[in-house]
K.L.:
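Got a structure for you, questions after.
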Amino acid sequence: MHQSGEKIACLTAYDAPTAFWAAHAGVDVLLVGDSLGMVVQGHATTLPVSLDEMVYHTQMVQRGNDQAWCIADMPFMSDASLESALQCAARLMKEGGANMVKLEGGDRVLGIVQRLAELGVPVCGHLGLLPQSVEKHGYKVLGKDDDSANKLLKSAQALQDAGADMLVLECVPSALAQQITNALVIPVIGIGSGAATSGQVLVLHDVLGITLGKSPKFAHNFLQEHNSIQAALAGYVTAVKTHAFPQACHAVG
Ligand code: KIV
């Protein structure tokens with residue numbers, strides 16, 4: 001899809017029925033995101049989510065999903081050492097049934113990405129706004145000045161060189177997201193990062209307008225224009241595929 005220029009529609013899922021209906025609506029990639037800590041468990045951040053919980057939710061998603069590619073997030077601190085990162089990825093794939101694991105960060109995680117790739121584990125990187133680092137860095141947009149933009153571009157290239165097969169860019173200015181997408185061979189999935197990436201990801205609860213508190217500005221509630229959850233999910237997929245989502249106003253920079 002990336003090579004043929006078809007936009008990749010990615011959506012978070014946390015249980016069997018939402019995974020089933022999202023996959024049947026045409027969602028290509030289901031992300032069992034640690035955002036579940038906020039949108040399902042009601043925490044203020046993703047930090048409390050445990051590996052056991054990620055395995056549990058990935059298992060549920062994979063019971064409902066019979067066709068989409070499934071990525072599972074490695075939770076906060078699971079990559080504190082190579083050993084714990086390998087154990088985490090093993091559990092998400094062997095017990096959870098994930099097809100790929102995702103971990104946040106750039107240079108810090110290169111050794112882990114390389115080892116996982118050597119072991120045959122498909123890896124998705126995650127750069128830009130890093131929710132697991134919120135206590136240290138806050139929810140801020142990175143890559144706004146030349147220096148941090150260059151750092152992000154270099155980190156993206158380094159992740160690809162280390163063996164990452166996919167990259168999520170969160171809240172990166174749209175021009176930079178485009179530059180990174182063009183510079184890489186692997187697909188780049190954007191969230192709040194403009195329209196030029198190989199695909200888009202949103203949090204399910206934002207797409208259905210059932211988030212506790214405010215949804216981010218770049219998100220869109222597709223249930224507003226559709227009369228069922230199934231139709232809203234299909235509407236999201238169509239909007240991504242036809243480039244109707246995101247529009248320029250949904251980009252961060
Ligand atoms: O946890 C998550 O849902 C994510 C997406 C926001 C990309 O990482």
Side-chain angles (χ1 to χ4, degrees), residues 8-15 18-19 22 27-51 53-58 60-61 68-79 88 92 96 98-106 109 123-134 137 139-142 152 156 159 164-172 177 180-181 186-194 197-208 210-220 236 240 245-246 250-252:
I8 301 167
C10 176
L11 188 65
T12 66
Y14 311 104
D15 60 25
T18 53
V27 170
D28 304 300
V29 178
L30 294 174
L31 169 64
V32 189
D34 61 357
S35 51
L36 71 87
M38 298 168 81
V39 298
V40 176
Q41 297 174 334
H43 292 297
T45 71
T46 62
L47 306 195
V49 178
S50 70
L51 177 55
E53 288 163 348
M54 287 307 304
V55 170
Y56 172 69
H57 283 274
T58 306
M60 287 193 280
V61 163
W69 181 254
C70 174
I71 308 176
D73 259 344
M74 293 178 47
F76 178 57
M77 293 300 273
S78 60
D79 56 9
C88 170
L92 290 172
N99 303 114
M100 179 180 244
V101 297
K102 174 164 86 58
L103 75 175
E104 295 183 10
V109 300
V123 180
C124 180
H126 183 150
L127 292 173
L129 191 155
L130 304 178
Q132 290 178 8
S133 305
V134 63
H137 301 300
Y139 289 114
K140 70 171 185 207
V141 177
L142 294 176
L152 269 184
L159 282 168
D165 304 278
M166 196 184 275
L167 178 66
V168 165
L169 285 184
E170 181 162 357
C171 294
V172 168
I180 293 174
T181 304
I186 58 174
V188 176
I189 308 297
I191 175 162
S193 300
T197 50
S198 332
Q200 298 292 327
V201 58
L202 280 181
V203 168
L204 173 76
H205 291 55
D206 293 330
V207 165
L208 300 180
I210 53 169
T211 310
L212 296 171
K214 275 192 187 160
S215 284
K217 275 198 194 123
F218 56 75
H220 182 72
Y236 167 64
V240 172
F245 179 83
H250 290 118
V252 161

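Counting starts at 1 for both ligands and their atoms, in listed order. Predicted model only: the values in this text are computed from it and were never measured.
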K.L.:
List ligand 1's nitrogen or oxygen atoms that come under 3.5 Å of a protein nitrogen or oxygen, with the partner atom and distance.
P.N.:
unit_1	atom_1	unit_2	atom_2	d
ligand 1	1 (O)	D34	N	3.2
ligand 1	1 (O)	D34	OD1	3.1
ligand 1	1 (O)	S35	N	3.0
ligand 1	1 (O)	S35	OG	3.3
ligand 1	1 (O)	D73	OD2	3.0
ligand 1	3 (O)	S35	OG	2.5
ligand 1	8 (O)	K102	NZ	2.8

K.L.:
Between A72 and T58, what is the shortest heavy-atom contact and its length?
P.N.:
CB-OG1, 3.6 Å
K.L.:
What residues form a salt bridge (Lys or Arg N to Asp or Glu O under 4.0 Å) with D28, not counting sequence neighbours?
P.N.:
K241
K.L.:
Just list the side-chain donor-acceptor pairs under 3.5 Å for residues 33-44, sequence neighbours left out, or say none.
P.N.:
unit_1	atom_1	unit_2	atom_2	d
D34	OD2	Q132	NE2	2.7
S35	OG	Y14	OH	2.7
Q41	NE2	E53	OE1	3.2

K.L.:
Sequence neighbours excluded, which residues qualify as side chain to side chain donor-acceptor pair (under 3.5 Å) partners of D206?
P.N.:
T211, S215
K.L.:
Where do L30 and A13 come nearest, in terms of heavy atoms and distance?
P.N.:
CD2-CB, 4.0 Å
K.L.:
Give me the atom names and distance for the closest heavy-atom approach of V188 to T197.
P.N.:
O-CB, 3.3 Å
